[in-house]
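Scroll down for the structure; my scribbles are underneath it.
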Amino acid sequence: METIVIKKETPIGWIYLNRPDRLNAINQQMIKELRQGIDEMVYDSDIKVIIITGNGKAFSAGADISRFKELNGYTAWQFAKSGRELMDYIENISKPTIAMVNGYALGGGLELAMACDIRIAAEEAQLGLPEINLGIYPGFGGTQRLVRLIGKGKALELMLTGDRISAKEAEKIGLVNKVVPLSNLEQETRNFALKLAEKPPISIALIKLLVNQGIDLPILAGLNMESLGWGVVFSTEDEKEGVSAFLEKRKAQFKGK
Ligand SMILES: CC(C)(COP(=O)(O)OP(=O)(O)OC[C@H]1O[C@@H](n2cnc3c(N)ncnc32)[C@H](O)[C@@H]1OP(=O)(O)O)[C@@H](O)C(=O)NCCC(=O)NCCSC(=O)CCO
């Protein structure tokens, strides 16, 4: 891997975007390697939670603008499609993902963070979709995910102005889940990941599926999926363990079975 670094800290899988001199700008190689790295973690049964973060002072400043001059209509479409498909893939994996936003999360960098389930940001972080200032607009899923996360009014404001906002402001509008001092960021994110790692993986996978697929369905279809999923969780060993642990007043030990 040239553009990312992977670290296994069972039950957590860490992925570091690793082009710090380019503020972790996302090029085609990084898109390919992120897909490969995440895929490895999805199929590694030791890994229960994936954390994505950036090396250096940025999470990611977005797509690699230095390559934009080479793009034509067709190749720009293909580049946007490959970035957007990576974000779709990340959003839909069965394991929980956390974006640890250590600094700038701009453009495609914020789109990557938005594809994760949870965003924990350092106080110093700045977030935004500045693509409009380049004469373009967000192309890795931002026009669709931002509005679903924070609502139409604020989403339009951020995309039309291209303004950067502070982590505190992002927390206020629901764009990040938690803001902590940079010095505590890694430990707070690890603690959050460890909490998720103790939960039953099949319930996690189904909650993700119901939320991510259900949001675009008529409510009755989503509600029916929810009821059907209950049949699935009630056929798992983890359900038996969770209920028994409650009744026996002990902590449940879930196995993902
Ligand atoms: C993030 C900013 C505000 C940081 O500014 P600053 O601290 O002054 O750092 P710089 O000197 O600008 O950056 C250091 C170094 O990184 C290069 N770089 C930064 N961002 C990118 C990028 N997105 N692509 C390629 N290279 C990038 C920068 O050119 C510097 O290189 P040198 O060789 O040292 O000059 C500021 O960097 C900024 O505003 N960046 C662009 C943010 C942006 O517009 N993002 C959207 C990109 S389009 C997109 O994501 C499409 C998908 O929706």
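Counting starts at 1 for both ligands and their atoms, following the listed order.
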Donor + acceptor pair across side chains of T75, N72 (<3.5 Å): yes

Test item: protein heavy atom less than 4.0 Å from atom 12 (O) of ligand 1: no

Atom 24 (N) of ligand 1: nearest protein contact (heavy atom, Å): I65 N, 2.9 Å

Beyond-backbone contact of E40 with R35, side-chain heavy atoms, under 4.5 angstrom: no

Subset of ligand 1 atoms that lie under 4.0 Å from at least one heavy atom of P138: 53 (O)

Residue, atom name and distance, where the atom is the protein heavy atom closest to atom 20 (N) of ligand 1: A61 CB, 3.4 Å

Residue pair D64 / S66, side-chain donor-acceptor N/O under 3.5 Å: yes

Atom indices of ligand 1 within 4.0 angstrom of A25 heavy atoms, with elements: 22 (C), 24 (N), 25 (C)

Plane angle bin for Y74 and W77 - parallel if under 30°, tilted between 30 and 60°, otherwise perpendicular: perpendicular

N or O pair under 3.5 Å between E131 and ligand 1: yes

is_close_aromatic(F140, F79), centroid dist under 6.0 Å: yes

Protein contact of atom 37 (O) of ligand 1 - nearest heavy atom, named by residue and atom, plus distance: L23 CD1, 3.7 Å

Side-chain ion pair, R250 and E241, N-O less than 4.0 Å: yes

Contact check, D21 vs ligand 1, heavy-atom distance below 4.0 Å: yes

Test item, G139 contacting ligand 1 (heavy atom, 4.0 angstrom): yes

Min heavy-atom dist K57 to ligand 1 below 4.0 Å: yes

Heavy-atom nearest neighbour of atom 48 (S) of ligand 1 within options L106, I26, T143, L134: L134

Closest protein heavy atom to atom 25 (C) of ligand 1, given as residue, atom name and distance to 0.1 Å: D64 OD1, 3.2 Å

Atom 5 (O) of ligand 1 - nearest protein heavy atom and its distance: Y104 OH, 4.2 Å

For G62, atoms of ligand 1 separated by under 4.0 Å from a heavy atom: 23 (N), 50 (O)

Any donor-acceptor N/O pair, E33 side chain to T3 backbone, under 3.5 Å: yes

Heavy atom of protein inside 4.0 Å of atom 39 (O) of ligand 1, strictly below: no

Atom 52 (C) of ligand 1: nearest protein contact (heavy atom, Å): E111 OE1, 3.3 Å

Residues N102 and T53: side-chain donor-acceptor under 3.5 angstrom: yes

Backbone N/O of R119 and side chain of N177: donor-acceptor pair under 3.5 Å: yes

Atom 29 (O) of ligand 1 protein-contacted, heavy-atom criterion under 4.0 angstrom: no

Geometric cation-pi criterion, R164 with Y104: 6.0 Å, 45°: no

Summary of salt bridge (Lys or Arg N to Asp or Glu O under 4.0 Å) pairs that have at least one residue in residues 48-57, sequence neighbours excluded: none

Atom 33 (O) of ligand 1 within contact range, any protein heavy atom under 4.0 Å: yes

Ligand 1 to A63 polar contact by distance, N or O atoms, under 3.5 Å: yes

Under-4.0 Å heavy-atom contact with ligand 1, by part of R22 that carries it: both

Residues D238, K255: salt bridge by 4.0 Å N-O rule: no

Close N or O approach (G108, ligand 1; < 3.5 Å): yes

Intermediate values then yes/no, side chain to side chain donor-acceptor pair (under 3.5 Å), S82 and Q28: CA-CA 8 Å; S82 66; Q28 195 61 58; 3.2 Å; yes

Ligand 1 contacted by R164 (non-hydrogen, < 4.0 Å): yes

Nearest candidate to atom 44 (O) of ligand 1, where distance is taken over non-hydrogen atoms, out of A105, G107, G56, P130: P130

Report, one line per pair, each donor and acceptor closer than 3.5 Å where one atom sits in a side chain of residues 196-206; sequence neighbours left out.
from: E198; atom 1: OE1; to: K251; atom 2: NZ; distance (Å): 3.0
from: E198; atom 1: OE2; to: K251; atom 2: NZ; distance (Å): 3.3

